[in-house]
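Heads up: the structure comes next, in structure tokens.
As the structure is a computational prediction, the values presented were derived from the model and not from experiment. First listed ligand is number 1; within each ligand, the first listed atom is number 1.
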Amino acid sequence: MDAVLRLASEHRCFGGTVAFYRHDSAVCGGEMRFSVYVPPQAQAGKVPVLYFLSGLTCTEETFQIKAGAQRLAAELGLMLVVPDTSPRDTGIPNENADWEVGTAAGFYVDATQQPWASRFRMFSYVTRELPELIGKNFPARMDREGIFGHSMGGHGALVCALRQPGRYRSVSAFAPICAPMRVPWGKKAFTTYFGPDTEAWKEWDSLELIRSGRSRLPPLLVDQGTRDKFLVEQLKPELLREACDQAGQPLTLRSQDGYDHGYYFVSTFIADHLRHHAVALTS
Ligand SMILES: N[C@@H](CCC(=O)N[C@@H](CS)C(=O)NCC(=O)O)C(=O)O
């Protein structure tokens, strides 16, 4: 284990291990946290890596506790890597004042506006620094990466994959913010992190990236609950469907009757997502 990683806790789980780490991040200029589920197959050799990006107000712990992913990840031989949702305790004024921006609301972008720009660099963290740490410290096959996420993290997974064509072998999302530029959550975050010039926002909006035709994702799986209180105002899956249809991007968008936004929904469909990733990552 690299001396830069500080183990906070470790727990045996379905023959593998869930562990929580902290480290000094060069990219984010301070301490960052993440969790990893290492499946039992890793005792015999390297295993594929699946990143999960969580939503607003979550930490690196939420998914590990609430999604119920480890039993099947242990069967399928997938490593699950879950970063925190932002830097914390950065000293930026009002970083904790609003749950939609700042702490736990990093939106997986690299901010360009101060004071956020020196610390809120979650895109570079998730796509560069964190994978480097995983490759160095864990039995991970770094040529087999997948990415998925929930809500803000669904947006994050789509954008990380769209901005790096060919990098991830598999991509999926639960209730993603499909068009951040067009909804209140995204407008607030992008104004804060990028300033008022909406032209610059397009590089971080999955809808715009799909429409641009610059990159194609592997066949995409998206689940959305019909009783999600954020569906109409913040999530807008119909725009994702339209953009994918127009761009020829394969998409399976499933409307799940009666499900809301939270982890009861995520845990209900987690097995389908893990299998979707395993097909691409372990074949
Ligand atoms: N605090 C918000 C809700 C935030 C929220 O729903 N967060 C989602 C992601 S966008 C989540 O996963 N929360 C953690 C949980 O449900 O345990 C509210 O007042 O409505």
So do the side chains of Trp204 and Arg163 get within less than 4.5 Å of each other, counting heavy atoms only? yes

Using a 4.0 Å heavy-atom cut-off, which part of Cys58 comes near ligand 1: side chain, backbone, both, or neither? side chain

For ligand 1, does Lys229 get within less than 4.0 Å through its side chain, its backbone, both, or neither, judged by non-hydrogen atoms? side chain

Please state which protein non-hydrogen atom is closest to [atom] and give its distance, to 0.1 Å?
atom: atom 8 (C) of ligand 1; answer: Leu56 O, 3.6 Å
atom: atom 19 (O) of ligand 1; answer: Trp99 CZ2, 4.2 Å
atom: atom 16 (O) of ligand 1; answer: Tyr263 CD1, 3.9 Å
atom: atom 10 (S) of ligand 1; answer: Ser151 OG, 3.1 Å
atom: atom 17 (O) of ligand 1; answer: Lys66 NZ, 2.4 Å

Contact between ligand 1 and Met152 is defined here as a heavy atom of the residue under 4.0 Å from a ligand atom; is it met? no

Is it true that, when you exclude Arg167 itself, more than 12 heavy atoms of the residues, nucleotides or ligands shown sit nearer than 6.0 Å to its CZ? yes

Is [X] salt-bridged to [Y], going by a charged N under 4.0 Å from an acidic O?
X: Asp98; Y: Lys188; result: yes
X: Glu233; Y: Arg182; result: no
X: Arg254; Y: Asp223; result: yes
X: Glu129; Y: Arg121; result: no

Below 4.0 angstrom from a heavy atom of [X], which ligand 1 atoms are there? Numbered from 1 as shown, please.
X: Phe230; result: 6 (O), 20 (O)
X: Gly55; result: 9 (C)
X: His150; result: 9 (C), 12 (O)

Tell me whether the rings of Phe34 and Tyr21 are parallel (<30°), tilted (30 to 60°) or perpendicular (>60°). parallel

Between Tyr108 and His155, does the ring centroid distance fall short of 6.0 Å? no

